[in-house]
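Reviewing the structure listed below.
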Amino acid sequence: MESFALLLKGASSLSASFDLLFISLLVLCSVVALSITFLIVFFAIKYRRGSKAKRARIRGARAIEFAWTFIPLGLFLVIFVWAAKLYTELFRPPQKEAIEIAVVGKQWMWKLKHPEGKQEINELHVPYGSTVQLTMISQDVIHSFFVPAFRIKHDVLPGRYTRIWFRPIKTGEYYLFCAEYCGMDHSRMGGRIVVMEPSAYEQWLQQ
Amino acid sequence: MNTSTVLQHRSYINEGYGLKSWLITHDHKRIALLYLISITLFFFVGSMAAAMIRLELATPSGDLVSAETYNKLFTMHGVIMVWFFLIPSIPAVLGNFLVPLMIGARDLAFPRLNLASWYLYTLGGGFTIGALIAGGVDTGWTFYTPYSSMFSNSYVVAVIVGVFIVGFSSIFTGINFIVTIHKMRAPGLTWFRLPLFIWANYATSVILVMATPVLAMTLSLVAIERILQIGIFDPALGGDPLLFQHLFWFYSHPAVYIMVLPAMGVASEIITCFSRNPIFGYRFMAYAILGIAVIGFLVWGHHMFVSGQSMYAGMMFSLLSFLVAIPSAVKVFNWTATLYNGTISFEAPMLYGLGFVGLFMIGGLTGLFLASLALDVHLTDTYFVIAHFHYIMVGGAVMAYFGGIHFWWPKMSGRIYPENWGRFSAIVIFLGFNLTFFPQFLLGYLGMPRRYHQYPEELQWLNEISSAGAVLLAVGYLLPLLYLLWSLRYGRIADSNPWKAKGLEWQALSPPIRDNFEDTPVVKEKAYAYIPEH
């Protein structure tokens with residue numbers, strides 16, 4: 001949580017693959033945006049009224065149209081498949097036994113319960129390296145469980161369980177937000193995830 | 001200074017005087033001006049709410065207004081800007097004025113329906129403003145259930161009634177445009193000779209007519225659950241909260257295209273005129289408009305990737321969202337290519353037009369991040385989304401709207417606006433816009449959720465830049481209000497075609513006579529028949 005950072009720290013097993021996709025797409029889009037901007041400015045100057053630049057007819061307009069229809073299509077399909085594949089991982093926790101946390105959202109707090117029976121409010125302590133599986137439900141309206149450092153978010157619905165998992169790979173404290181607007185104190189409905197050394201976590205559980 | 005303050009000919013403006021002659025008019029041009037005045041009022045009301053939001057967010061703690069007030073402010077901003085400004089902006093003002101002129105018709109097909117649509121707009125606006133004065137609504141413009149139907153203690157039903165009513169004004173306008181464009185084109189004006197502005201308004205009208213009823217039904221269901229406690233969306237009563245999101249976005253995603261398609265039409269008119277070039281790839285541009293309108297109906301689920309919708313549904317919606325981006329990309333490429341070999345001049349409308357292309361492109365490219373499933377999981381419901389759709393709707397639609405107002409101002413008012421002020425404010429708006437919204441991409445990526453009254457301290461510097469940009473943007477929006485009003489009295493008298501543009505509307509006098517044309521024009525050439533210098 002250092003200030004002035006433009007890069008968001010990643011702290012889960014999925015955050016590195018998220019970042020790779022994000023940065024790849026960022027590079028691609030920046031190249032496109034800068035090229036188009038360059039062309040617009042270049043044409044605007046070169047062909048300004050009064051300039052003596054030669055103005056020839058464009059040949060092969062149809063071929064150009066097809067090129068800039070199908071080349072983006074190909075690129076889009078690659079990005080789609082890449083992002084979709086990563087998305088499926090969010091639905092499939094690794095097979096290893098996971099720490100099952102029960103999450104209840106209500107206006108405006110998170111209640112979390114460890115398998116051993118220990119309960120927390122607006123804070124979740126977990127050991128790093130273990131898979132943590134959240135089974136979530138809401139008591140009232142729709143909320144959304146959002147941990148930016150883990151690159152995960154999932155809505156928490158009334159009347160229906162939703163599940164999400166993560167595996168923290170760095171100790172530290174990370175923001176937990178409610179990301180679905182839920183009424184007056186929506187922006188206060190958050191807290192922190194505390195990722196601990198496994199031994200410290202065991203000790204904390206005993207307290 | 002000005003040689004004459006009296007308009008020479010008998011035009012639609014001086015054809016009748018007095019309030020009554022305006023309030024019972026059937027003239028599409030006068031109705032356009034009624035709309036212009038009303039949506040300008042709503043634009044400034046909605047902007048005031050935005051100003052309060054940016055002021056509150058200048059500091060991390062929620063200190064300026066209470067959380068409850070803050071929630072009502074962003075709801076008011078969204079409701080007013082979406083339904084009372086953006087959706088009617090280009091179609092109901094510029095479209096109303098220009099569709100008959102551009103196709104060589106004397107009026108829209110149903111002039112009384114046109115007037116009725118303005119009255120419904122006013123009535124719906126009155127309901128909404130009334131509800132806001134009575135105490136406001138705090139659901140967000142999206143009215144997500146069960147919060148809106150069972151939990152909110154604000155004036156939800158009154159605002160729903162307002163939006164329901166204004167929906168009918170959209171439908172009336174849509175029906176009117178569809179019939180007019182089908183049946184009232186001038187001799188020789190075939191479909192593929194139509195200006196792209198007409199294609200865009202045609203596609204928009206189809207969306208208005210097909211999607212708006214779904215919004216009306218959806219909001220009615222919210223009101224029914226709220227008043228009668230019949231379980232539709234609230235699981236506690238046996239309902240399904242996700243059903244609401246499907247129905248709502250089935251309208252509200254196409255609604256985005258209602259806002260941006262007409263803007264694309266305006267940009268095409270301006271860019272061709274000021275580069276003295278026919279549009280590059282006319283047919284592809286027309287097909288792209290239709291493609292966007294059709295595929296736009298099939299992508300609503302991309303608002304719901306983390307909602308609990310099935311993984312496979314998410315994949316289909318993601319794929320379709322990438323597909324709808326293709327015609328948008330094609331349009332950007334074609335506008336750029338239209339500049340190639342042109343003879344380009346930089347009057348204010350062109351600055352707005354070029355600004356539109358750049359900002360719309362950034363809005364579109366960031367849309368790819370949100371269409372990418374795994375990326376959307378992190379980015380959705382954060383400021384990244386806010387920045388993305390403001391690039392489309394404000395950077396895109398509002399820039400084009402302002403560009404169009406300047407471009408057709410001589411035709412509408414018979415006067416020329418002060419050119420240097422026009423250029424200056426276009427640049428101020430462009431800079432202010434980027435300063436306001438670019439930092440919000442970073443905020444969203446860093447994890448700042450939307451609709452947050454308070455936020456972590458380390459995000460303050462980006463929020464401060466954004467708030468400072470909003471001040472600049474406000475100046476940029478106020479300037480045209482002042483100098484355009486000034487020009488009504490002191491501006492130079494415009495001749496019928498001050499830009500030497502090619503559309504039929506420029507054959508009519510400025511301002512046009514009641515029936516638009518002395519004789520029905522006959523069309524013998526394609527749209528944008530500018531002759532490039534070779």
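Here the structure is a predicted model, which is why all the values come from computation and not from measurement. In what follows, chains are A, B, ... by sequence order, proteins preceding strands, each numbered from 1.
Counting heavy-atom pairs closer than 4.5 Å to chain B, the top-ranked of the candidates A/P72, A/G183, A/G159 is A/G183. In terms of non-hydrogen atom pairs under 4.5 Å with chain A, the most contact-rich of B/Q454, B/R283, B/E68 is B/Q454. Annotation: maximal heavy-atom pairing with chain A below 4.5 Å, among B/W335, B/F333, B/Y70, occurs at B/F333. Top candidate by heavy-atom pairs under 4.5 Å with chain B, chosen from A/L28, A/T88, A/I152, A/T162, is A/T88. Chain B forms more heavy-atom pairs under 4.5 Å with one residue of A/I45, A/L39, A/T37, A/T69 than with any other, namely A/T69. Note: A/E65 leads A/K54, A/E65, A/E89, A/R62 in heavy-atom pairs under 4.5 Å with chain B. Contact count versus chain A (heavy atoms, under 4.5 Å) is highest, among B/L379, B/L459, B/L354, B/T145, for B/L379. Taking chain B as the reference chain and counting heavy-atom pairs below 4.5 Å, the highest number among A/A149, A/P158, A/S30 is found for A/P158. Ranking B/A67, B/S307, B/G281, B/S372 against chain A, the residue ahead of the rest is B/S307, based on heavy-atom pairs under 4.5 Å. For the options B/D240, B/V357, B/L365, heavy-atom pairs under 4.5 Å to chain A are most numerous at B/L365. Each of A/I64, A/L86, A/I40 has some count of heavy-atom pairs under 4.5 Å with chain B, and the biggest count is that of A/I40. Heavy-atom pairs under 4.5 Å with chain A peak, among B/S152, B/G314, B/S275, B/G342, at B/G342.
For A/R188, the salt bridge (charged side-chain N to carboxylate O under 4.0 Å, His left out) partners at least two apart in sequence or on another chain are A/D185.
Proximity to chain A (any heavy atom under 4.5 Å) is restricted, for B/R450, to the backbone atoms N, CA, C and O. Neither the backbone nor the side chain of A/A53 has a heavy atom closer than 4.5 Å to any heavy atom of chain B. Contacts of B/F233 with chain A are absent, with no heavy-atom separation under 4.5 Å from either backbone or side chain. In this structure, the portion of A/C182 lying under 4.5 Å from any heavy atom of chain B is its backbone and not its side chain. Contacts of B/F274 with chain A are absent, with no heavy-atom separation under 4.5 Å from either backbone or side chain. Within the 4.5 angstrom heavy-atom criterion, only backbone atoms of B/T139 (N, CA, C, O) approach chain A. Using a 4.5 Å cut-off between heavy atoms, B/M311 contacts chain A through both its backbone and its side chain. For B/F369, the parts sitting under 4.5 Å from any heavy atom of chain A are the backbone and the side chain alike. Interface remark: B/P456 contributes backbone and side-chain atoms alike to the contact with chain A (heavy atom separation under 4.5 Å). Heavy atoms of B/Y340 lying under 4.5 Å from chain A belong to its backbone as well as its side chain. If you measure heavy-atom distances from B/N153 to chain A, you find no contacts under 4.5 Å at all. For A/F91, the part lying under 4.5 angstrom from a heavy atom of chain B is the side chain only. Of the atoms belonging to B/L442, it is side-chain heavy atoms, and not backbone ones, that fall under 4.5 Å from chain A. Both the backbone and the side chain of B/A325 have a heavy atom closer than 4.5 Å to some heavy atom of chain A. For a residue to count as touching a neighbouring chain, one of its non-hydrogen atoms must lie under 4.5 Å from one of that chain's; by this rule A/M136 does not touch chain B.
In this pair, B/Y452 and A/H186 present their aromatic rings perpendicular. The plane angle is above 60°, beyond the 30 to 60° band. In this pair, B/Y445 and A/F22 present their aromatic rings parallel. The plane angle is below 30°, not in the 30 to 60° band.
Taking the charged nitrogens against the carboxylate oxygens, B/E347 and A/R49 do have a contact shorter than 4.0 Å, which makes a salt bridge.
The structure places CG of B/D381 at 13.0 Å from OH of A/Y181, a figure rounded to the nearest 0.5 Å. Separating the OG atom in A/S187 from the OH atom in B/Y455 is a distance of 11.5 Å, to the nearest 0.5 Å. Interatomic distance, B/N277 CG to A/F43 CZ, rounded to the nearest 0.5 Å: 11.0 Å. Expressed to the nearest 0.5 Å, how far OH of A/Y175 lies from CE of B/M448 amounts to 11.5 Å. In this structure, the separation between CG on A/L90 and CZ on B/F305 is 12.5 Å, given to the nearest 0.5 Å. Expressed to the nearest 0.5 Å, how far CG of A/L8 lies from CG of B/L446 amounts to 6.0 Å.
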Next item on the list: Determine, step by step, whether B/L323 and A/L73 satisfy the side chain to side chain contact (heavy atoms under 4.5 Å, CB included) criterion, reporting the C-alpha distance in whole Å, the side-chain angles of both residues, the deciding distance to 0.1 Å, and the verdict.
Entry: CA-CA 7 Å; B/L323 289 185; A/L73 179 64; 3.6 Å; yes
Next item on the list: Take B/F322 and A/L77 through the test side chain to side chain contact (heavy atoms under 4.5 Å, CB included) and record every step on the way to the result.
Entry: CA-CA 8 Å; B/F322 277 105; A/L77 288 178; over 6 Å; no
Item checked: Evaluation steps, side chain to side chain contact (heavy atoms under 4.5 Å, CB included), between B/D138 and A/M184 -> CA-CA 8 Å; B/D138 70 344; A/M184 190 172 76; 5.9 Å; no
Check: What do the steps show when you test A/R48 against B/T343 for side chain to side chain contact (heavy atoms under 4.5 Å, CB included), and what is the final call?
Finding: CA-CA 5 Å; A/R48 70 191 181 278; B/T343 303; over 6 Å; no
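Residues A/K153 and B/T382 share a closest heavy-atom pair of NZ-CG2, 3.9 Å. When all heavy atoms of B/L339 and A/Y47 are compared, the pair lying nearest together is O-CD1, 3.8 Å. The shortest non-hydrogen separation linking A/I142 to B/Q245 is CD1-NE2, 3.4 Å.
Annotation for B/F438: atom CZ does not count as buried by contact number, only 12 or fewer foreign heavy atoms lying within 6.0 Å. Shown here is A/K85, whose NZ atom has no more than 12 heavy atoms of other residues, nucleotides or ligands within 6.0 Å. The 12-atom threshold is exceeded at CD of A/E123, counting heavy atoms of other residues, nucleotides or ligands nearer than 6.0 Å.
Checked against the 6.0 Å centroid threshold, A/W68 and B/F280 count as a close aromatic pair. Less than 6.0 angstrom separates the ring centroid of A/F146 from the ring centroid of B/H378.
Formation of a donor-acceptor pair under 3.5 Å by the A/R160 side chain with backbone atoms of B/P241 is not found in this model.
Side-chain contact check for B/Y147 versus A/Q107: some heavy-atom pair is nearer than 4.5 Å.
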